[in-house]
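Residue numbers begin at 1 in each chain, while the letters A, B, ... track the order of the sequences. Both backbone and side-chain heavy atoms feed into the values below; hydrogens, waters and symmetry mates do not.
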Amino acid sequence: MLPTSLSSASTMIKAILIFNNHGKPRLSKFYEHYNEDTEQQIIRETFHLVSKRDENVCNFLEGGMLIGGSDYKLIYRHYATLYFVFCVDSSESELGILDLIQVFVETLDKCFENVCELDLIFHVDKVHNILAEMVMGGMVLETNMNEIIMQVDAQNKMEKSEAGIAGAPARAVSAVKNMNLPEMPRNINIGDISIKVPNLPSFK
Amino acid sequence: MSDVVEKTLTALPGLLSLDSQPGSNKLSSSSKLGSLIRGITELTSKHEEEKLIQRELTSIKEQVSSPNTSMRQMKELMVRAIYCEMLGYEASFSYIHAIKLAQQGTALEKRVGYLAVSLFLNESHELLLLLVNTVLKDLQSTNLIEVCMALTVVSQMFPKDMIPAILPLVEEKLNHPKEIIRRKAVLALYKFYLIAPNQVQHIHNKFRKALCDKDPGVMTASLHIYLQLIEENPEGYKDLTTSFVTILKQVVGGKLPMDFSYHSVPAPWLQIQLLRILCLLGKNDQSTSEIMYEVLDESLRRAEINHNITYAILFECVKCIYTIHPKSELLEKAAKCIGNFVLSPKINLKYLGLKALTYVVQQDPKLALQHQMTIIECLDHPDLIIKRETLELLFRITNAQNVTVIVDKMLEFLRINKDDYTTIDLVGKVAELAEKYPLIHVFLSFGGPLLPENGKKIWFIETMSTVFSVGGDTMQPDIPNSFLKLLSEGFDSVEEDRKLRLFAVDSYVSLLQGEPGKLPQRFLQVISWVLGEYSCLRADLEVDTVLRLLAKLLDMKTTSSETKSWVLMAMTKLCEGGAGVSVARGVSETYSSSLDTVLRQRAQELQHLRTRSYEPGCYPDTPAWSPWRMISGSPLKEKSNIMLVSRWISLSFLDGFVSEALAAGAAPYKPPHQRQEELAQAKALSLEPYGLSLPISMSSCSITDRQSPTLLSISSGLSGNSNDLSHKGGSSSLKLDGVKRVWGREGYLAQREPAEESAHVEVPSTLRSPSQQGGADGSHSQTPTHTPTPEPELEKQQLASSLFVGLGSHSSVCLMGKSEPTPQRFRRKARSPASSSGASKNISNSLVSPTITVDTLMCNNLLDSRITSEPDVSPLDQTPPLSKGLAAASGSCDEELPDSDVKGSSPSLIGDDALVAADPAPHEEPPKDLLLSSYLPAELSGLSHSEIIPLSSDQSLDLSACHVQKEGDLVLVVFIYNSSDSDIQQILLELDSEELEVSCECDGAVGGARGHSVAVCQYSLSVKRPSVHVELVGTVSYQFPVGTPQSVQFSYKLPLSSFIRPLTLSTEEYGAMWLDFSHDTKQNLTLISDDPEPLAASLSVLKKKLQLHVVEIIGMEGIVACRLLQDQPCLMHCRLHAGTLAVWLRSPVPDLPDCLMYFCQRALQEH
């Protein structure tokens, strides 16, 4: 049931859970494999651990039994009706993750224009997509809100254009789509001040 | 931003019922998902929900398998299936359709398909093979979004065996023009590396290329790989250290575009990642560590914005600094940083502060001492997590002296804790401590027992009882096992063991007489074993009584059959020899017909033994020759029994197998809680002391100074009360004193500690004789820091003293690599003269205890020989061998006794009346403070002077010094005491300092000093270059009429605060000066918050302690001015800000603001 030592040592984020004040799951994403029952138990256990905590206590918890004890910790934030819980490797920076949650929520807020619990319920797939731009396979991929939003927007644009040309032949559609992937302007900005790694022996 | 979210979210619960609200348009009422969700929210019971979802799933199932369902509809169905799965209902029928959707859908439908696949399936799911082709196709797609999707799904899960199929494609993506693709490809490759490291070996240098990618995002992604690689093999990547350092330097220096900033901190997560990598690289590697010192320093310095994320970086920095090869300067800053965390009012930061302390405490116990009051507060914190972390910290500083208090605290926590995991963990730790420390009672009795012998045993048994009852049946099974083993194997003395077992029997009998139904099964098993084995030790205990108590257990419904068999076994042992027949008969008859075969077996045995008289070797020839059977022998044959028991517990017949396995390279077995502890330690520090470069071990360093015996006792932190202690005379019960008297006459440890440290800093290399130590204590007790404290505070302080007792000495011991009792013995001896010297004024002949004389003599002799052989080497440099020599000296003092007598009673020494009183033995630090102070020049005598501390000495000269603060000057007074009989014609004193300007009134030449007299010279000092502590080194050269020239070297250190004087200014003048000054520093300091006017209170403390001049207090702000001798102004501006005192210091003198900040901080903390 518990993951092998190899995979538990490597993935920095083990699971991301969102549930409301009553423990109803609103999003659950596991980056380690558990069977269905265990996943549900983890959600319940996590809710149990998190929900009984007051508002003015710290945002960190040691993982429960299922989640792997002291090897993992839970870092959570509580926004009105929702709990956002990240279950991470115990070597992970608590405060860093705490702010990552903030970035996630702010991004959701931007994407849904004042996000609310209902958005999460009705657009589970979109929320997952936003999350996928931020965390990939348990690793933090992007922490910059604007960048995440830009990627998500690009996909949304594609959705619209796809709807518009729903009848068009598939080949034409893909031709249009190819133009849609955005490029962050930072690639231009970065120019000469980009980070240089000096003296890499393998590239001499 | 988050406010907005919160507001919106707060407004929401109503939305589900009120459609008219703006949010309701999101409730696309037409959608099936919408109606499903609405349906669910209307439900009241779990059962109804289940019914509804099952209905929903049936309908989804029908639709997905219908050939008419379009991909578009399929997508919608998938979302519904995802929702059901999230609620915990299996929708396995939809898995194959999810794959189909990913295969056949257009980009958007594909996305949902992939999403569903990644949520439903796992790496080993067989259906995943069907996805491989789709992934392959999408990786080659011209549509970048599809490529991204494929990479995402690949990094979430991919069948290991199929990696080779797509590896070339993913590799290719490393060169893709779009950075987002490159980034995702890097992470996908990382995932491959994790699940199949061999397959990506050949692309390791592509990782390097990714590290050098022109896009910082790609570089960041590649750090995941490097973190992992370096963790596995730090040696292989040392060459990259410079690169990582360069990257970090650029990031910290703000070279990244603004895009990467988060709350105006440049790429914080990247910084954190880099720091973690550096931490791994620098561990145990001095040269690599040296490369990173600079950037770490800069990181610490730059992280100044008050935001969570900056603290995240700081925390990582601190961790790194404590992990890599230490650099004193950085460690100091890091320690300060930890202090900021610990003292922070923000609970998250406090938690991290505790965590950091836990991490560093074994390396730097002083830090825990510094924050002991905060730690005590955290013990009572309402947040269990904080409490838990505090206990973890205490667990690491447990020693023989504070173990009872700490275990108490842990048990207290266990009683309120509800979380299983924590309970198991903590129970393991308590058991570990309880079992570890009764074993050392032999050592404890060295300096007098902590508890009365019996009390200690009771404590052990009771602690274990609590462990068993709280730990219940979830605890690690090895805890009861090892407890029983401990009990049966016993310690050293037969009598002691007997007592221990008696206590156990007593305590368990009374437990059984209470409410045994509430006890956990494991505990009942332990109880029955102990009663069966040892109740015969208590002669007045009727076997019948015990049997009846045990029989009661059998009748309880809650008792498990395993426990019952333990109980039956105990009864079997007890009713040996025909006692308690009636009870046994009833029981054996009941259980002979039990359905449980094990119980039946036991009952049969009981029956047999009851009827047949037992003889060794006469077991019934039952085939079931179980270990259980073996131990059910007679308690009268205790000895052999015990052997059997321990064999049973240790399963010694497996020893051969174990040793083979060990020889074959297997890891030795460790009990689970120990494993966990080690794991935690592996995550923490390597605990090897890093030599003496640590500033944090300043106290410990000084141990190795030549004058160690007394210094050692000072640094131990609990001996400062030596005075008090020795007056009471009962120095045989040293340990007890350690606990109780720390909280003694001069206040409690928390106050003492900083004071002592500062005293210590000032005189790092001086011989503090016991008497002067006493004097020092006296002066500490007079300092304004000591104020009477209210009751609850008092309790805390008492707790503090008992919790942190022995911590200092503990550390010194570790660093010295000696066993604990040694320094304690040391201390005792070192102290004993304190009492006599206190009274020594009216003792004309040497009555100082001979041992100490020997110690000191040995010390001096050793020194002398050193000095004469290498006259140029300052005694300071000869540290470690000497301290060892000393230890040896104290050990072998008996042999040297005659020698000391000779010197001690040498009549020629007792000549001059004035001196003899204070000079019982020549090298026993002759002139006492009081006497020396009478030599102070007349013009200085009215002024307050620092304590007179001995600096250095050789066979004929003793040097002491103090400084006197005059209003416009600081005067250093050096006392040169000629302890020899002959007169010295010419003494030359040279002083030198990097930081100080020394002007002398006597031109360096002191002139002569007659035998047994004191020459005094004074110097006026002023600061050239400010530094927190300024130091002088000096040489005294002299020559006897006959003999060769000799010299004594010494050093004298004093805090910069002695040079601070008030500067009287008007507010206007202040304003004018403020702008002119170029050097400044800002920091938030602790406020004295218990005062109604915190600002005024804080400023008055500063004024009192540092002689500042408070110019004006305006509302929340205050302005303060001072000058550094002679006339270098420094201005201070303070403001109340978020519960702290925001201090801004400005001065025309570089470094002065920083130094002054240090003193302000100290003053406020010590308050």
Side-chain angles (χ1 to χ4, degrees), chain A residues 10 25 28 33 36 40 57-61 64-65 69-70 79-82 91 93-96 98-99 102 105-106 109 114-119 121-122 124-125 128 132 136-137 139-141 143-144 155 158-159 162 174 177-178 181 186-187 189-190 193-195 197-202, chain B residues 1-2 5-6 8-10 12-13 15 23 26 37 79 82-83 86 88 90 106-108 112 115 122-123 142-145 152 155-156 179 187 191 194 205 208 211-212 214-216 219 224 228 239 243 246-247 250 255 257 259 269 272 308-309 311-312 316 347-348 351-352 383 385 420-421:
Chain A
S10 53
S28 67
H33 171 61
E36 198 107 321
Q40 289 304 315
V57 295
C58 69
N59 299 54
F60 320 123
L61 279 171
M65 282 296 262
S70 58
Y79 295 93
T81 63
L82 293 175
S91 64
S93 157
E94 283 95 346
L95 292 175
L98 206 56
D99 269 55
Q102 181 69 21
V105 174
E106 284 180 20
D109 194 57
N114 288 346
V115 68
C116 67
E117 193 178 337
L118 290 182
D119 291 317
I121 301 172
F122 287 102
V124 178
D125 56 328
H128 271 291
M136 184 171 150
M139 272 88 57
V140 174
L141 174 71
T143 52
N144 181 353
Q155 292 167 12
M158 184 179 75
E159 186 170 14
E162 204 172 61
S174 89
K177 281 183 298 198
N178 269 348
L181 205 71
R186 69 179 187 200
N187 269 354
N189 295 351
I190 198 158
I193 45 164
S194 77
I195 286 181
V197 183
N199 304 329
L200 275 187
S202 56
Chain B
M1 170 65 72
S2 62
V5 182
E6 273 176 44
T8 331
L9 291 179
T10 336
L12 267 168
L15 282 184
K26 288 172 176 167
I37 288 158
V79 175
I82 290 175
Y83 188 75
M86 185 175 70
E90 199 184 298
T106 59
L108 261 175
V112 174
L115 175 65
N122 63 67
E123 269 153 6
T142 51
N143 185 335
L144 298 182
I145 288 178
T152 305
S155 68
Q156 167 75 20
E179 62 93 10
L187 287 187
K191 194 73 185 184
L194 289 181
N205 52 21
R208 291 203 170 206
L211 183 64
C212 311
K214 70 175 179 354
D215 186 278
M219 185 269 293
H224 288 292
Q228 178 73 21
D239 58 322
S243 311
T246 318
I247 296 173
Q250 292 181 64
K255 297 276 161 48
D259 275 345
W269 287 278
I272 292 170
N308 257 348
I309 204 73
Y311 288 111
E316 254 2 276
I347 191 89
N348 283 341
Y351 170 84
L352 288 178
D383 187 353
I385 300 296
D420 282 351
Y421 172 74

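- Of the listed residues (A:Val57, A:Asp99, A:Leu141, A:Asp125), the greatest number of heavy-atom pairs within a distance under 4.5 Å of chain B belongs to A:Asp99.
- In this structure the side chain of B:Ile309 never reaches within 4.5 angstrom of the side chain of A:Leu95, judged on heavy atoms.
- If you measure heavy-atom distances from A:Leu98 to chain B, the contacts under 4.5 Å come from the side chain alone.
- Contact detail for B:Met86 and A:Pro25: the closest heavy-atom pair is CE-O, 3.3 Å.
- The line from CD1 of A:Ile121 to OH of B:Tyr83 is 5.5 Å long, rounded to the nearest 0.5 Å.
- One finds the CG atom of B:Leu352 at 5.0 Å from the CD atom of A:Glu94 (value rounded to the nearest 0.5 Å).
- Residue B:Leu187 holds its CG atom at 5.0 Å from CE of A:Met136, rounded to the nearest 0.5 Å.
- Here the OG1-NE2 distance, from B:Thr152 to A:His128, works out to 13.5 Å after rounding to the nearest 0.5 Å.
- When the side-chain contact (heavy atoms from CB on, under 4.5 Å) test is applied to B:Glu123, the partners found at least two apart in sequence or on another chain are B:Met157, B:Lys191, B:Ile195.
- Using a distance-only test at 3.5 Å, with no hydrogens or angles considered, no donor-acceptor pair links the side chain of B:Gln156 to the main chain of A:Ala132.
- Of the possible donor and acceptor atoms, one in the side chain of B:Trp269 sits under 3.5 Å from a partner among the backbone N and O of A:Gly96.
- Rounding to the nearest 0.5 Å gives a distance of 6.0 Å between SG of A:Cys58 and CG of B:Asn348.
- When all heavy atoms are compared, the tightest approach of A:Val140 to B:His224 is O-NE2, 2.9 Å.
- Separation of atoms CG (B:Asn308) and OG (A:Ser93) is listed at 9.5 Å; rounding is to 0.5 Å.
- The side-chain hydrogen bond (donor to acceptor under 3.5 Å, both in side chains) test applied to B:Tyr311 returns B:Asn306, not counting sequence neighbours.
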